[in-house]
2 protein chains.
Amino acid sequence: MGIKDDAVEVRAQGWRTLAALHGLIEAELERSLQAEAQLSVVEYTVLDALSRQDGWHMRMQQLARATALSASATTRLVNRLEDRGLLTRILCADDRRGIYTELTPAGLKLLEHTRPVHDATLERALAEAHEVPELAPLVDALPRLHAGV
Amino acid sequence: MGIKDDAVEVRAQGWRTLAALHGLIEAELERSLQAEAQLSVVEYTVLDALSRQDGWHMRMQQLARATALSASATTRLVNRLEDRGLLTRILCADDRRGIYTELTPAGLKLLEHTRPVHDATLERALAEAHEVPELAPLVDALPRLHAGV
DNA sequence: GCGGGATAATCGCTTGTGCAACAATAAATA
DNA sequence: TATTTATTGTTGCACAAGCGATTATCCCGC
């Protein structure tokens, strides 16, 4: 095997590690958020993304990108959260195709109540992952990505 | 904000980056594998995991862990692949609750035909991700995890 | 050996997802 | 201005996922 084959294998292994860590964290967050606030991970992601926007409004397509979800899934996701009163749709005046989504006070309140649970679960999941030899290096590398922030 | 709050935020941002990169890669692999071999990413993962086992056999539960899937989803996933003749179930003699899954020649052949496409797509997806400033550091960190292999 | 608890895998049911087709609006072109 | 083309978001449909209940088997203590 030459250098090229090694690179391929290293990439594949990196991807498997990434997928494994992602799966582990997501599963724990799923359980935790479900138990605490009847929120799925994507639902929490939407609320969180909205809260970190100036004025708390985003278009559907931005939301789709932020969640790595399809357009149709995003539509229904927003429907669910709107039905629960956690966000509202706002028609965009300048581009009448576009729709802004905005966090309601109830949505913001639920988010702020849930965030500590989310963060604690994330910390615990990372600690667990660190116990797995295969995952430890990636867990260690993660905080170094944004250490300066 | 104190040191503790910073750590929380760094973890959260690391997780968002991880999730974003995972979503991007998975989406590209999904398209590519679907077009090339009518395989989903998890299906490919199963075939690949089986091929890297001694004697190419694994129990359902190992498979569930390897794919980060539930037990029931694993059952149906194996059903689909078995129906397509890509793997077979083998009753375990010593523990009659257990079931081994083994790659068939057809499954191995399909895998070996698909693997180059998979690897090329992975390389391309990582290159694309590297163009995104937010993701580049993680992309760079990945190959260093198993550089010595 | 025998009952009680744990473990492996499967099945019914509900829910969320992607794809493709669609409707409405904006932008480009003639 | 009129007509085409692109973009934005929603809907119908089929499929895969998780949860909980169920069945079969193993293992431990008596």
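These values consider heavy atoms only, across backbone and side chains, with no hydrogens, waters or symmetry-generated copies. Naming: A, B, ... by sequence-line order, numbering from 1 per chain.
The side chain of A/R65 contributes no N or O atom lying less than 4.0 Å from OP1 or OP2 of D/dT8. Close to C/dA23, at under 4.0 Å from its OP1 or OP2, lies no side-chain N or O of A/R96. OP1 or OP2 of D/dC19 has not a single side-chain nitrogen or oxygen of B/R76 nearer than 4.0 Å.
Between the A/E43 side chain and the A/S40 main chain, a donor and an acceptor come within less than 3.5 Å of each other. The backbone N or O of A/G85 sits less than 3.5 Å from a side-chain atom of A/T104, completing a donor-acceptor pair. Panel note: side chain B/S32, backbone B/T121; no donor-acceptor pair is recorded below 3.5 Å. In this structure, A/T17 contributes its side chain and A/L135 its backbone to no donor-acceptor pair below 3.5 Å.
Within 4.0 Å (heavy atoms only), B/A71 reaches at least one base atom of the nucleic acid. Counting any heavy atom pair closer than 4.0 Å across all strands shown, B/R31 reaches no nucleic acid atom.
Here the nucleotide nearest the side chain of B/N79, chosen from D/dT10, D/dT8, C/dC11, is C/dC11. Across C/dA9, D/dA16, C/dA26, the shortest atom-to-atom separation from the side chain of A/D95 is found for C/dA26.
When the C1' atom of C/dA9 is taken as reference, atom CE of B/M58 falls 16 Å away, rounded to whole Å. Rounded to a whole Å, the CG atom of B/D94 is 14 Å from the C1' atom of D/dC27. In this structure, the CE atom of B/M60 is 10 Å from the P atom of C/dC11, given to the nearest Å. Distance, B/L77 CG to D/dA17 P: 6 Å, rounded to whole Å. Regarding A/Q34, its CD atom lies at a distance of 18 Å from the P atom of D/dA17, rounded to whole Å. Residue A/L69 contributes atom CG, which lies 14 Å from atom P of D/dT10 at whole-angstrom precision. In this structure, CD1 of A/I99 is placed 8 Å from C1' of D/dT8, rounded to the nearest angstrom. One can place CD of A/E26 at 15 Å from P of C/dG16, the figure rounded to the nearest angstrom.
Along DNA chain C, the nucleotide nearest A/S70 and the nucleotide nearest B/G98 are compared for position; the residue whose nucleotide lies closer to the 5' end is B/G98.
In the interface, the side chain of A/S72 is paired with the base of C/dG18 through a donor and an acceptor atom under 3.5 Å apart. For C/dT7, its base sits under 3.5 Å from the side chain of B/R97 at one donor and acceptor pair at least.
Classification of the B/H22-A/H22 ring pair by plane angle, with boundaries at 30° and 60°, yields parallel.
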